[in-house]
Amino acid sequence: MSNVRVLCVAEKPTIARQVSGVLSGGSFRTRNGKSKYNKNFEFTYNFGQWGYAQVVMTSVSGHLLLIDFPSNYGWDKVTPGRLFEAPITEVVPNDKKDIYNNIKQEARFATILMIWTDCDREGEYIGWEIVKAAQEGNPRIQIETSVFRSQFSHLERNHVIHAANNPISLNMKAVDAVACRQEIDLRVGLSFTRLLSRSLGSSRVIEPKTLISYGTCQFPTLGFIVDRYKRVKSFVPEQFWYIKVTLKKNDQMADFHWTRGNIFDRLFPTLVYSDLLARFPQGGKVQMSHPRPTSKWKPLPLTTVILQKDCSVYFKMSAKATLDAAEKLYQSGWLLYPRTETDVFPDAMDLHSLIQNQTQSPIWGSYALELLNDGKFDRPRAGKNNDQAHPPIHPVVFVSTDVLRDSNQRNVYEYVVRRFLASCSRDAKGEQTKATFEWGHEKFVAEGVMVKELNYLEVYKYQKWESSKQLPQFENGELIKPFKHGIFEGKTSPPQYMTEAELILLMDANGIGTDATIAEHITKIIDRQYVSKTKVGRGGPEVLVPSWLGMGLIDGFDSMEFDDISLSKPFLRKDLEVNLSMIVSGSKTKQDVLTEFVTLYKRAYATTNSKLPLLNDSCRRCRDLTTTQASTTTPAM
DNA sequence: GCAAGGTC
């Protein structure tokens with residue numbers, strides 16, 4: 001036995017246990033350490049480059065360290081603007097002390113430290129935090145010589161073994177990028193939060209000491225909701241006109257739509273229509289296309305954001321409730337890790353055995369069986385996103401829905417299973433027929449769809465695809481006089497208030513928050529009473545509407561004139577993300593980006609500080625407007 | 001009392 005001792009550290013306990021299982025061939029010893037949840041697993045493993053080694057595999061639970069300002073930079077000790085230059089300290093939070101000490105202790109006799117955190121930017125930084133904890137226990141651990149990083153994106157056996165045998169070094173550029181984000185978020189968040197709370201409190205717009213927080217993610221999120229709210233409120237319907245004809249054959253009718261669509265000027269369709277009646281009273285010719293195959297695509301492999309969006313739409317669950325339920329299912333071992341951006345299954349993944357597990361279900365078991373035995377299996381579509389850390393969300397083992405007592409968990413589990421089976425199924429197939437009616441120089445079209453094979457829709461009950469009314473059997477080139485015709489008018493309809501499902505997609509598309517935090521940002525701005533959830537009408541969807549405070553804050557910021565930036569819109573945060581990627585790729589340094597963004601926010605802070613009366617007035621105005629409205633009329637919603 | 005990011 002060589003005397004190489006390898007300390008492996010994963011980002012969370014479940015990964016440590018599973019990797020230990022693979023590398024030890026199932027025979028590892030579990031030893032309690034200083035932390036209740038983060039066990040230490042011991043075994044031997046032949047790493048190739050170091051030969052047989054004694055291994056201790058343990059874990060952290062996310063970040064180990066937190067950055068903060070020194071205590072003499074507290075709330076009432078300095079003006080908030082000084083936080084842009086204040087020194088920053090690193091602390092081990094109380095609830096992480098045990099984990100930190102466990103790493104320190106276990107590192108004492110290690111010759112090699114191997115990092116097994118998720119392969120994403122934050123994982124790289126957590127790796128660096130682990131290195132610092134380990135070095136405190138054992139100064140011989142050096143980043144250049146004795147720290148290695150394994151690369152893995154899922155826990156399939158060969159993949160894990162390959163990761164163990166081919167480690168690389170920690171990516172310090174990714175570490176820099178995260179350090180940069182942390183520092184900017186801290187300086188900006190805390191300085192603006194203190195400034196806003198103090199200003200609105202002391203001017204009595206709000207109860208003094210009320211917390212008015214600003215965050216680089218909170219405010220763009222609020223901005224989306226306010227923006228939509230204003231568009232609904234300022235919406236003016238517009239009238240439009242269109243021509244519609246109905247053809248009849250063998251007692252079957254079909255509506256044909258004008259290819260020019262809706263016209264916002266009444267004169268034009270009136271002229272066209274009277275021209276048709278005057279010059280082509282005999283009608284026009286119908287052309288019928290051959291039936292063309294069409295399909296409705298099965299869903300992509302499941303990401304966190306889509307899970308949250310769909311559970312919001314199908315079960316009216318909040319993003320937070322969905323993530324909580326998925327987290328519990330994951331901890332119970334029923335579901336795979338619920339936070340992922342990946343919508344493509346790795347090639348090596350054994351989808352068949354995952355489907356096999358579901359054949360036990362009395363509800364969808366027979367469908368799963370058909371997929372396996374009747375050759376109905378079809379490889380899942382590949383999406384474009386891969387976070388290199390986790391595969392798409394999917395069921396790990398079968399659990400009867402009676403065992404899941406919590407209805408949220410039941411819904412989420414069933415949804416994930418059906419989605420998974422659907423993604424392993426064929427697309428739904430149908431036939432589309434198109435008919436064109438040429439009346440004078442105008443064209444009208446009608447479409448008919450016939451569903452032939454439901455395929456994935458048999459198990460994915462959340463979507464529907466039904467055959468439309470069939471078109472009559474017109475002869476090609478047949479001359480027909482419209483059975484009914486006329487000019488119709490309509491009105492454009494207003495946009496709807498923001499639903500949580502839409503907000504999640506907007507945040508995701510704009511790089512506001514991550515799969516793990518989007519739900520938290522939404523609950524945070526609800527907690528802060530910037531927005532609230534309301535129902536539209538009876539039985540209508542639940543929507544997010546801004547409070548007077550939320551409106552006032554966004555209006556206030558929008559009325560200050562910053563040079564070229566906005567504190568209420570997503571662009572700055574997105575720009576930061578772009579710059580962080582540049583740190584990772586090496587085209588900018590951490591210092592470049594820090595200087596650029598701290599300068600920018602500092603200038604915005606100075607502007608805000610000098611124009612605080614605008615913000616106070618804006619909030620006061622929104623407050624007084626709602627209170628007078630509420631006392632004289634019924635509330636708007 | 002304060003951010004956003006991990007995760008239990």
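So that the names make sense, note that chain A is the first sequence line, chain B the second, and so on, each numbered from 1.
A salt bridge links A/E327 with A/R339; the closest basic N to acidic carboxylate O contact falls under 4.0 Å. In this structure, A/E414 does not pair ionically with A/R410, as no charged nitrogen and carboxylate oxygen lie closer than 4.0 Å. In summary, A/D508 and A/K309 do not engage in a salt bridge, as defined by a charged side-chain N under 4.0 Å from a carboxylate O.
With B/dA3, B/dC8, B/dG1 as the candidates, the nucleotide lying closest to the side chain of A/Q331 is B/dC8. Taking every side-chain heavy atom of A/T216 into account, B/dA4 is the closest of B/dC2, B/dA4, B/dT7. Side-chain proximity of A/R339 to B/dT7, B/dC2, B/dA4: nearest is B/dT7. Side-chain proximity of A/L211 to B/dA3, B/dT7, B/dG1: nearest is B/dG1. Counting only heavy atoms from C-beta on, A/S213 has its side chain closest to B/dC2 among B/dG5, B/dC2, B/dT7. Closest approach to the A/R573 side chain among B/dA3, B/dG5, B/dT7 is made by B/dG5 (side chain taken as heavy atoms from C-beta onward). Candidate nucleotides B/dC2, B/dC8, B/dG5 were compared by shortest atom distance to the side chain of A/R194, and B/dC2 ranks first.
A/L66 comes within 4.0 angstrom of a base, heavy atoms only. Using a 4.0 Å heavy-atom distance criterion, A/R198 is classed as making no nucleic acid contact. Using a 4.0 Å heavy-atom cutoff across all strands shown, A/Q218 reaches sugar-phosphate atoms only and no base atom. Within 4.0 Å of A/G189, counting heavy atoms only, lie sugar-phosphate atoms of the nucleic acid but no base atom. Heavy atoms of A/N38 sit nowhere under 4.0 angstrom from any nucleic acid atom. Nucleic acid contact class of A/I67 (heavy atoms, under 4.0 Å, all strands): base. Here A/K209 lies in heavy-atom contact (under 4.0 Å) with a base. Counting non-hydrogen atoms under 4.0 angstrom, A/D515 reaches nothing in the nucleic acid. Within 4.0 Å of A/P13, counting heavy atoms only, lie sugar-phosphate atoms of the nucleic acid but no base atom.
In this model, the phosphate group of B/dA4 is not approached by any side-chain N or O of A/T517 to a distance below 4.0 Å at OP1 or OP2. Proximity of A/R121 to the phosphate of B/dA4: no side-chain N or O atom is located under 4.0 Å from OP1 or OP2. Note on A/K524: a side-chain N or O is less than 4.0 Å away from OP1 or OP2 of B/dA3. Within the structure, every side-chain polar atom (N or O) of A/Y330 is placed at least 4.0 Å from both OP1 and OP2 of B/dT7. At B/dC2, none of the side-chain N or O atoms of A/S197 fall inside 4.0 Å of OP1 or OP2 (strictly under the cut-off). Taking side-chain N and O atoms only, A/H521 has no distance below 4.0 Å to OP1 or OP2 of B/dA3.
Under the side-chain hydrogen bond (donor to acceptor under 3.5 Å, both in side chains) criterion, A/K39 pairs with A/N32, not counting sequence neighbours. For A/T303, the side-chain contact (heavy atoms from CB on, under 4.5 Å) partners are A/V305, A/I306, A/D343, not counting sequence neighbours.
For the salt bridge (charged side-chain N to carboxylate O under 4.0 Å, His left out) condition, no pair includes a residue of residues 195-219 of chain A, sequence neighbours left out.
Contact check of residues 175-183 of chain A against DNA chain B (heavy atom, cut-off under 4.0 Å) returns A/R181, A/Q182. Of the residues in residues 596-615 of chain A, none has a non-hydrogen atom less than 4.0 angstrom from any atom of DNA chain B.
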List the atom pairs, with distances to 0.1 Å, where a side-chain N or O of residues 82-89 of chain A and a protein N or O form a donor-acceptor pair under 3.5 Å, not counting sequence neighbours.
residue	atom	partner	partner atom	Å
A/E85	OE2	A/K602	NZ	2.3
A/T89	OG1	A/D68	O	3.2

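Nucleotide B/dC2 holds its C1' atom 17 Å from the OH atom of A/Y73, rounded to whole Å. As a whole-Å value, the separation of A/I512 CD1 from B/dG5 P is 9 Å. B/dC2 atom C1' lies 13 Å from atom CD1 of A/I206, rounded to whole Å. For A/I184 and B/dC2, the CD1 to P distance is 22 Å, given to the nearest whole Å. Put simply, OH on A/Y125 is 13 Å from C1' on B/dA4, counting in whole angstrom units.
Residue A/I518 is the one, among A/I518 and A/I99, whose nearest nucleotide of DNA chain B lies closer to the 5' end (criterion: closest heavy atom). A residue-by-residue look at A/H390 and A/I212 shows that A/I212 has its nearest nucleotide of DNA chain B further toward the 5' end.
For A/H394 and A/F345, the ring centers sit closer than 6.0 Å to each other. Two rings, from A/W334 and A/Y413, have their centers 6.0 Å or more apart. Ring to ring, A/H154 and A/H390 are not that close: their centroids are 6.0 angstrom or more apart.
Counting only distance, with no hydrogens or angles, the side chain of A/E11 and the backbone of A/D118 share a donor-acceptor pair below 3.5 Å.
Annotation: side chain of A/E502 is not in contact with side chain of A/F224 (no heavy-atom distance under 4.5 Å).
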